[in-house]
Amino acid sequence: MIRTVESEPHASPPVLAAYSYCEAVTGRQARNFAYGIRLLPTPQRRAMSALYAFSRRVDDLGDGALADDVKVARLEETRTLLSRIREGGVADDDTDPVAVALAHAAGHFPIPLGGLDELIDGVLMDVRGETYETWDDLKVYCRCVAGAIGRLSLGVFGTEPGARGVERAPEYADTLGLALQLTNILRDVREDAVGGRTYLPADDLAKFGCSAGFSGPRPPEGSDFAGLVHFEVRRARALFAEGYRLLPMLDRRSGACVAAMAGIYRRLLDRIERDPEAVLRGRVSLPGREKAYVAVRGLSGLDARHVTRRTVRRRA
């Protein structure tokens, strides 16, 4: 069973300053994520901010303008830093606030830091320009860059004592990460194409006549772009349905955090489904008031109760 942390860990002034830095990074660069983690108790919110800030550093290295060989070298340096954190080699007064915060969080929560090694592996796939023939191929990438984040987050959340099926909690957290990442891929299909990246599986693109790619604001001539989007939306919905089985295993505020983040992406998926070509015209997003509604819904426990009722009906 995954240990649940119940008391607030002590933090020295340098550690608190490091956490403040990570929370500022999170609030500035991850609005959807920030909406969810603000529902957590302070120690968990800080730990999640540390995880985000480290992950953001890795992502920024992959997405930046450096030469590919320099990116690889920097990513491996980041992996070495992660090893120092894992081995307890980062002091409170270290000059890297992200390392300080993550080291403190990992010392007080059972965070499986190997998930950040997986994230680095996934970003290295981006640097190498890998493409994906099948959904099974793409899943490998998604598990590295998103499923791993789900499992890392579960280390911070913990699980409720006595929750049924808790041994599958990491699997559900991983699957929910895949659902979020596939939604991201659909939302960013034009932006990624302009940047020279294609994530959707090549066999799916061929099936719907979209192998020419998405470099413009309109689908490829003669393609069934709407069919492609609806196909991927159905896949994402199935992943959400499976991943949401995690919610009844979490305490109320952790469940609210997960429900809020996942709920925002499910609503993005709804918008994409209603107007598939919108993703070719610009980035699809939700207004702040709608995100706030999703957060309130998560805090009320509506999503967790819905999943619990559905699971009970299936067992009956």
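- Legend: salt bridge (charged side-chain N to carboxylate O under 4.0 Å, His left out) pairs involving residues 165-181, not counting sequence neighbours, sorted by first then second residue: Arg143-Asp174, Arg151-Asp174, Arg168-Glu171, Arg168-Glu242.
- At least one donor-acceptor pair under 3.5 Å links the side chain of His230 to the backbone N or O of Ala226.
- Looking at residues two or more places apart in sequence or on another chain, you find a salt bridge (Lys or Arg N to Asp or Glu O under 4.0 Å) between Asp136 and Lys139.
- Between Arg74 and Asp60, no side-chain nitrogen of the basic residue sits less than 4.0 Å from a carboxylate oxygen of the acidic one, so the salt-bridge criterion is not met.
- Screening residues 270-291 for ring-ring contact (aromatic ring centres under 6.0 Å, His included), with sequence neighbours left out, gives no hits.
- Applying the ring-ring contact (aromatic ring centres under 6.0 Å, His included) definition to pairs two or more places apart or across chains, those involving residues 116-136 are Tyr132-Tyr141.
- Without hydrogens or angle criteria, Ser223 side chain to Pro219 main chain gives no donor-acceptor distance under 3.5 Å.
- Residue pairs meeting the side-chain hydrogen bond (donor to acceptor under 3.5 Å, both in side chains) criterion with at least one partner in residues 62-71, sequence neighbours excluded, are Asp63-Arg197.
- Under the ring-ring contact (aromatic ring centres under 6.0 Å, His included) criterion, no residue pair touches residues 58-84, with sequence neighbours excluded.
- Identified under the ring-ring contact (aromatic ring centres under 6.0 Å, His included) test for residues 52-84, with sequence neighbours left out: Phe33-Tyr52.
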Could you tabulate the donor-acceptor pairs under 3.5 Å formed by side-chain atoms of residues 281-288, not counting sequence neighbours?
from	atom 1	to	atom 2	distance (Å)
Arg281	NH2	Asp275	OD2	2.5
Arg283	NH2	Asp188	OD1	3.2
Arg283	NH2	Glu191	OE1	3.2

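- Between Thr134 and Asp137 there is a side-chain heavy-atom pair separated by less than 4.5 Å.
- Residues meeting the salt bridge (Lys or Arg N to Asp or Glu O under 4.0 Å) test with Asp192, sequence neighbours left out: none.
- Screening residues 213-226 for salt bridge (charged side-chain N to carboxylate O under 4.0 Å, His left out), with sequence neighbours left out, gives no hits.
- Paired with Glu23 under the rule side chain to side chain donor-acceptor pair (under 3.5 Å), one option of Arg45, Arg46, Arg28 passes, and it is Arg45.
- Residue pairs meeting the salt bridge (charged side-chain N to carboxylate O under 4.0 Å, His left out) criterion with at least one member in residues 94-109, sequence neighbours excluded, are Arg57-Asp96, Arg84-Asp94.
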Extract all donor-acceptor atom pairs below 3.5 Å that involve side chains of residues 199-217 and protein atoms in other chains or at least two apart in sequence.
from	atom 1	to	atom 2	distance (Å)
Tyr199	OH	Asp126	OD1	2.8
Tyr199	OH	Asp126	OD2	3.4
Asp204	OD2	Arg235	NH1	2.9

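- With Arg253 contributing its side chain and Leu39 its backbone, the two residues share a donor-acceptor pair below 3.5 Å.
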